[in-house]
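A short worksheet on the structure shown next.
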Amino acid sequence: MRIIPYKTLVVILGPTGIGKTSLSIEIAQELNTEIISCDSRQMYRELRIGTAVPEPFQLSQVKHHFIGNLSIHDYYNASEFEVQALQQLEQLFKHHQYAIMTGGSGLYIDALVKGIDELPAIDSTVRHDLKTRLQTDGLEALQQDLFKIDPDYYQTVDLKNPKRILKALEVFYMTGKPYSSFRTNESKHRPFKILQIGLAMDRQELYHRINQRVDQMVEAGLVEEARPLFPYNHLNSLNTVGYKELFGYFAHEYDLDEAIGLIKRNSRHYAKRQITYWNRNKDIEWFHPSEKIKILDYIKSGLRT
RNA sequence: GGUGCCAUAGCUCAGUCGGUAGAGCAAUGGACUGAAAAUCCAUGUGUCCUUGGUUCGAUUCCGAGUGGCACCA
């Protein structure tokens, strides 16, 4: 018998196309609560069909947060999500025993579950200057810069990944302190219980679902949704599967059939990367998306079996 | 029915002047604490269609068979 009802955050995660949305809604209804979406692309209100945002009737069944709350022109990151999602949770837990967080953005989920280290905001000119230096002087030059200012991080970073190097240099130029000095490697404490539920299925089955869903998106008007966004194709928010491939079609680099094929392939690759990302997380309890009853039992038992 | 061409990785094909083979794509594995649907790294054994012959040795040359494509009847 449980005496004190702990507030519990139920995280429902899984690769793209596996069926998180409908299952999350059913579970939210069972638990009489709301959903915090954790999807870095569904936040952009201009992206709906291509990011498989819940249908209007679904949104009317259960209240969702963090869907369509940004414009493609906005800058956003995992740390901002951590802060805002925590605030939202605090509100939710005033009136609910449970909260649901669902989505496929692993870094964002981790930012909320484990926390993310505090870093300074990066000035856009600093970012721009470093990008320019990457283009003119090359990656090796930036690697050497990093070696001089942050030898510790130089030892552990993926030196071939420009984004990692740029991030570390940005932080140094903003603060004069090495990036590694900001990394605590510690999980933050959360004032609620967290259950992480992963959805998984046979790879072939998942890929089949993904391919089918892309066809459905095209039928639903994905091309028409993407076309007016083409002038903004340089924005990070539009470096998104389902849109970037259509931009190539709009630019006459290939035909529509090829664009659709590329969307399917890149969605499969994305799903694979998501699965790899969560594989090392031992706190996740895995279920097939059809196992709703088992999942609810697991949530209500409140145990990590 | 006749003639010609083709048959090699899941797909499209390259190649071996005879010493058992390699590209692109697909696929697979991995990394990842502020751009994360992003970014980065790694992985190529396959009856070289089947079967006889020549040869020390055949996926490679020759014959036959099977299948495909093209043209002629």
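Protein chains get the first letters and strands the later ones, always in sequence-line order, with residue 1 at the start of each. What you are looking at is a predicted structure, and each value in this text was computed from that prediction instead of being measured.
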Regarding Y44(A), tell me which of base, sugar-phosphate or nothing describes its non-hydrogen contacts under 4.0 Å with the strands shown. nothing
Under the side-chain hydrogen bond (donor to acceptor under 3.5 Å, both in side chains) test against T276(A), which residue among K272(A), R273(A), Q274(A) passes? K272(A)
When you measure from the side chain of T276(A), which nucleotide among rA31(B), rG29(B), rG34(B) comes out closest? rA31(B)
With syn meaning chi within 90° of zero and anything else anti, the base of rG22(B) is anti
rG30(B), OP1 or OP2 - any side-chain N/O from K272(A) closer than 4.0 Å? yes
Using the P atom as the point on both nucleotides, what is the distance between rU51(B) and rA58(B), in whole Å? 13 Å
Can you tell me if R41(A) touches the phosphate of rA35(B), counting only side-chain N or O atoms and a distance under 4.0 Å to OP1 or OP2? no
With sugar-phosphate meaning primed atoms plus P, OP1 and OP2, does R127(A) contact a base, only sugar-phosphate, or nothing at under 4.0 Å between heavy atoms? sugar-phosphate
Using a heavy-atom cut-off of 4.0 Å across all strands, would you classify N185(A) as base, sugar-phosphate, or nothing? base
When all nucleic acid strands are considered with a 4.0 Å heavy-atom cut-off, which category describes N266(A): base, sugar-phosphate, or nothing? nothing
To the nearest angstrom, how far is R273(A) atom CZ from rA27(B) atom C1'? 15 Å
Nearest whole Å is fine: how far is rU33(B) P from L166(A) CG? 17 Å
In dot-bracket form, how is RNA chain B paired, counting a Watson-Crick or G-U wobble pair only if both its distances are under 3.5 Å and using | for bases paired to another strand? (((((((..((((.....[..)))).(((((.......))))).....(((((..]....)))))))))))).
Roughly how far apart, to the nearest Å, are rG44(B) and rC32(B) at atom P? 23 Å
Kindly indicate whether the side chain of Q196(A), heavy atoms from C-beta on, has any atom under 4.5 Å from the side chain of V113(A). yes
Determine whether a donor-acceptor pair (one donor, one acceptor, N or O, separation below 3.5 Å) exists between the side chain of D117(A) and the base of rU33(B). yes
From CD1 of I165(A) across to C1' of rC32(B) the rounded distance in Å is 13 Å
Find the distance E170(A):CD to rU33(B):C1' and express it as a whole number of Å. 14 Å
Between G242(A) and Q204(A), the residue closer to the 5' end of RNA chain B by nearest nucleotide is Q204(A)
Give R268(A) one of three labels, base, sugar-phosphate or nothing, depending on what nucleic acid heavy atoms sit under 4.0 Å from its own. sugar-phosphate
At under 4.0 Å between heavy atoms, what does D158(A) touch on the DNA or RNA strands: base, sugar-phosphate, or nothing? base
Pick the C1' atom in rU59(B) and in rU47(B), then give their distance to the nearest Å. 11 Å
Is the cationic atom of R280(A) (NZ for Lys, CZ for Arg) positioned less than 6.0 Å from the six-membered ring centroid of Y277(A) and within 45 degrees of its normal? yes
Indicate, with a heavy-atom threshold strictly under 4.0 Å, whether E186(A) touches base, sugar-phosphate, or nothing. base
Among rC40(B), rA31(B), rU28(B), find the nucleotide with the atom closest to the side chain of P162(A). rC40(B)
In whole angstrom, give the distance that lies between atom CD1 of I275(A) and atom C1' of rG30(B). 13 Å
How is T51(A) classified with respect to the nucleic acid when contacts are heavy atoms under 4.0 Å: base, sugar-phosphate, or nothing? base
Which whole-number value in Å describes the distance from Y153(A) OH to rG34(B) P? 7 Å
Taking atom P in both rU16(B) and rC6(B), compute the distance separating them and give it to the nearest angstrom. 14 Å
Between L119(A) and G106(A), which is nearer to the 5' end of RNA chain B once each is assigned its nearest nucleotide? L119(A)
Using a 4.0 Å heavy-atom cut-off across all strands, classify G115(A) as base, sugar-phosphate, or nothing. nothing
Give me the distance, rounded to whole Å, that separates rG46(B) from rG10(B) when you measure between the P atoms they each carry. 8 Å
If you compare every side-chain N and O of Y207(A) against the phosphate oxygens of rU28(B) (OP1, OP2), does one of them come in below 4.0 Å? yes
Once the angle between the rings of F147(A) and Y154(A) is folded into 0 to 90°, is it parallel (under 30°), tilted (30 to 60°) or perpendicular (over 60°)? perpendicular
I want to know whether Y44(A) and Y76(A) have ring centres closer than 6.0 Å. no
Just checking, any donor-acceptor pair under 3.5 angstrom between side chains of H73(A) and S71(A)? no
Nearest-Å distance once atom P is located in both rC61(B) and rG29(B): 39 Å
What pairs of residues pass the salt bridge (Lys or Arg N to Asp or Glu O under 4.0 Å) test when at least one of them lies in residues 26-55 of chain A, not counting sequence neighbours? E26(A)-K292(A), E30(A)-K292(A)
Using atom P of each nucleotide, how far apart are rC17(B) and rU12(B) to the nearest Å? 26 Å
Between P on rU33(B) and NZ on K167(A), what's the gap in Å once rounded to a whole number? 13 Å
Within less than 4.0 Å of OP1 or OP2 of rA36(B), is there a side-chain N or O belonging to S105(A)? no
Using side-chain heavy atoms (C-beta onward) and a distance below 4.5 Å, is Y179(A) in contact with I149(A)? no
Side chain of K160(A) - closest among rA36(B), rG30(B), rC41(B): rC41(B)
Counting side-chain heavy atoms from CB outward, which of rA36(B), rC25(B), rU33(B) is closest to Y108(A)? rA36(B)
Please state whether the phosphate of rU39(B), meaning OP1 or OP2, lies under 4.0 angstrom from any side-chain nitrogen or oxygen of N236(A). no
Within the 4.0 Å heavy-atom criterion, would you say Y75(A) contacts the bases, only the backbone, or no part of the nucleic acid? sugar-phosphate
Find the distance E258(A):CD to rA26(B):P and express it as a whole number of Å. 11 Å
Output yes when R265(A) and E245(A) qualify as a salt bridge under the 4.0 Å nitrogen-oxygen rule, no when they do not. no
rA27(B) phosphate, OP1 or OP2, under 4.0 Å from H269(A) side-chain N/O: yes
So what does K264(A) hit on the nucleic acid, given a heavy-atom distance under 4.0 Å: a base, only sugar-phosphate, or nothing? nothing
Is the ring centre of F81(A) less than 6.0 Å from the ring centre of F66(A)? yes
Expressed as a whole number of Å, how far does the C1' atom of rA70(B) sit from that of rA64(B)? 23 Å
Between E170(A) and K167(A), does any side-chain N to carboxylate O distance fall below 4.0 Å? yes
With heavy atoms under 4.0 Å as the rule, sort E118(A) into base, sugar-phosphate or nothing. base
For K114(A), which contact category applies under a 4.0 Å heavy-atom criterion: base, sugar-phosphate, or nothing? nothing
Quick one: label S79(A) by what it contacts on the DNA or RNA (base, sugar-phosphate, nothing), any heavy atom closer than 4.0 Å. base
Counting only side-chain nitrogens and oxygens, does R265(A) get under 4.0 Å of the OP1 or OP2 atom of rA27(B)? no
Single-linkage hydrophobic cluster, 4.5 Å side-chain cutoff, I116(A) and I122(A) together: no
